[in-house]
Amino acid sequence: MIKETYSPQETYDLGMALGRQARPGDVYCLNGDLGVGKTVFTQGFAAGLDIEGPVNSPTFTIVQQYEDGRLPLYHFDVYRIGDVSEMDEIGYEECFYGQGVSLIEWSNLIEEILPETVIRVTIEKDLEKGFDYRKISVESNDPGLRKRNV
Ligand code: ADP
Ligand code: MG
């Protein structure tokens with residue numbers, strides 16, 4: 001699925017629609033340049049899981065956990081990770097293979113430890129289409145997951 005958005009609100013709303021459909025054990029891999037809207041998407045996603053607290057980029061902690069929603073959300077931002085071994089220290093396996101939902105900003109930096117089945121969300125700008133334009137693609141290598149369109 002490819003969705004084009006023209007404002008932060010539209011990206012937030014797409015995140016929310018996907019958050020509403022998230023299921024236990026889902027792993028969302030979120031990629032795109034700095035400032036493209038990954039955190040905006042994540043905030044909508046968290047709202048779709050009925051998480052009420054403020055959701056910001058957990059850049060200095062790598063992962064932030066939210067327990068007050070429909071499902072636990074593990075929000076990773078691995079931008080500043082030095083080595084994938086740091087993920088072991090965090091105990092990422094309990095997140096990726098547990099009953100919560102994982103969402104990983106900059107997942108391409110930890111490609112080697114991602115589960116086989118993930119949902120990939122890629123956000124791109126195209127300045128020719130305006131400063132606030134974003135092209136967001138949502139894809140999965142699992143046919144069941146691929147059906148979860150919005
Ligand atoms: P990232 O987490 O990818 O570094 P952020 O979500 O923190 O990026 O920031 C995205 C910025 O881009 C915000 O300032 C937001 O207001 C702005 N923005 C403009 N247009 C859009 C859009 N269509 N979707 C998402 N964010 C947008
Ligand atoms: Mg961010």
Side-chain angles (χ1 to χ4, degrees), residues 1-22 25-96 98 100-115 118-141 145-146 148-150:
M1 169 188 71
I2 291 180
K3 174 108 180 165
E4 296 176 296
T5 71
Y6 295 87
S7 68
Q9 184 66 47
E10 283 184 59
T11 298
Y12 182 98
D13 289 345
L14 175 65
M16 187 151 85
L18 287 166
R20 286 206 182 102
Q21 300 177 61
D26 281 356
V27 176
Y28 289 77
C29 295
L30 198 44
N31 287 292
D33 292 340
L34 206 60
V36 83
K38 298 183 294 300
T39 297
V40 169
F41 175 93
T42 302
Q43 287 165 340
F45 190 89
L49 283 169
D50 301 325
I51 290 164
E52 288 183 0
V55 174
N56 294 303
S57 238
T59 298
F60 297 100
T61 52
I62 302 211
V63 65
Q64 184 74 48
Q65 186 169 335
Y66 299 91
E67 294 284 359
D68 66 313
R70 180 169 65 78
L71 295 167
L73 173 65
Y74 309 109
H75 177 203
F76 293 81
D77 184 330
V78 301
Y79 184 62
R80 281 167 206 275
I81 205 161
D83 190 278
V84 285
S85 64
E86 288 175 44
M87 291 295 286
D88 292 323
E89 288 159 29
I90 294 163
Y92 77 91
E93 286 182 307
E94 279 177 41
C95 304
F96 289 5
V101 176
S102 298
L103 190 152
I104 313 154
E105 295 190 43
W106 296 99
S107 71
N108 54 349
L109 297 176
I110 56 162
E111 203 66 51
E112 60 260 55
I113 59 163
L114 294 176
V118 296
I119 300 164
R120 292 186 183 273
V121 179
T122 308
I123 311 181
E124 292 164 289
K125 291 187 187 182
D126 182 346
L127 290 176
E128 284 181 10
K129 297 194 175 173
F131 191 64
D132 291 347
Y133 170 87
R134 302 291 189 269
K135 182 176 143 192
I136 305 177
S137 70
V138 183
E139 55 203 355
S140 177
N141 52 354
L145 292 177
R146 220 180 291 136
R148 246 179 280 171
N149 279 349
V150 286

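Note that ligands are numbered from 1 as they come in the structure, with each ligand's atoms numbered from 1 the same way. Every value quoted in this text rests on a predicted model; they were computed, and no experiment measured them.
Considering backbone and side-chain atoms alike, Thr5 places an N or O below 3.5 Å from some N or O of ligand 1. An N or O contact shorter than 3.5 Å links Thr11 to ligand 1 by distance.
Residue, atom and distance of the protein heavy atom nearest to atom 27 (C) of ligand 1 are Arg134 NH2, 3.5 Å. Among all protein heavy atoms, the one lying closest to atom 16 (O) of ligand 1 is Pro8 CG, 3.3 Å. In this structure, the protein non-hydrogen atom closest to atom 8 (O) of ligand 1 is Gly37 N, 3.2 Å. With hydrogens left out, the protein atom closest to atom 6 (O) of ligand 1 is Val40 N, 2.9 Å, a heavy atom. Atom 10 (C) of ligand 1 has its closest protein heavy atom at Gly35 O, 3.4 Å. Summary of contacts: the protein heavy atom closest to atom 7 (O) of ligand 1 is Thr39 CB, 3.7 Å.
Residue-level check: among N/O/S atoms of Glu105, OE1 sits closest to the Mg ion (ligand 2).
Those atoms of ligand 1 that come under 4.0 Å of a heavy atom in Asp33, given as number and element, are 3 (O). Near Asp132, meaning under 4.0 Å from one of its heavy atoms, ligand 1 places the atoms 19 (C), 20 (N), 21 (C), 22 (C), 23 (N). Near Glu105, meaning under 4.0 Å from one of its heavy atoms, ligand 1 places the atoms 2 (O). Each of the following atoms of ligand 1 lies closer than 4.0 Å to a heavy atom of Leu34: 4 (O).
The closest side-chain heavy-atom distance from Tyr28 to Val138 is not below 4.5 Å. You'll find the side chain of Phe45 reaches within 4.5 Å of the side chain of Val101, heavy atoms only. For the pair Phe96/Val118, no side-chain contact is recorded, criterion being any heavy-atom separation below 4.5 Å from C-beta on.
Using a 4.0 angstrom heavy-atom cutoff, Gly32 does not count as in contact with ligand 1.
Here the closest heavy-atom approach between residue Gly53 and residue Asp68 is recorded as N-OD2, 3.9 Å. Looking at every heavy atom in both residues, Ile90 comes nearest to Phe76 through CG2-CE2, 4.4 Å. Closest heavy-atom contact between Glu86 and Ile81: OE1-CG1, 3.6 Å. Contact record, Ala47 with Tyr12: CB-OH, 3.3 Å, taken as the closest heavy-atom pair.
Per-atom contact check: atom 14 (O) of ligand 1 does not touch the protein, criterion being a heavy-atom distance below 4.0 Å.
Within the 3.5 Å criterion, the main-chain N or O of Glu10 finds no donor-acceptor partner in the side chain of Thr5.
With no hydrogens or angles considered, a side-chain donor-acceptor pair links Tyr133 and Glu4 at under 3.5 Å. If you check the side chains of Asn56 and Thr39, you find no donor sitting under 3.5 Å from an acceptor.
At least one N/O/S atom of Thr39, whether from backbone or side chain, sits less than 2.8 Å from the Mg ion (ligand 2).
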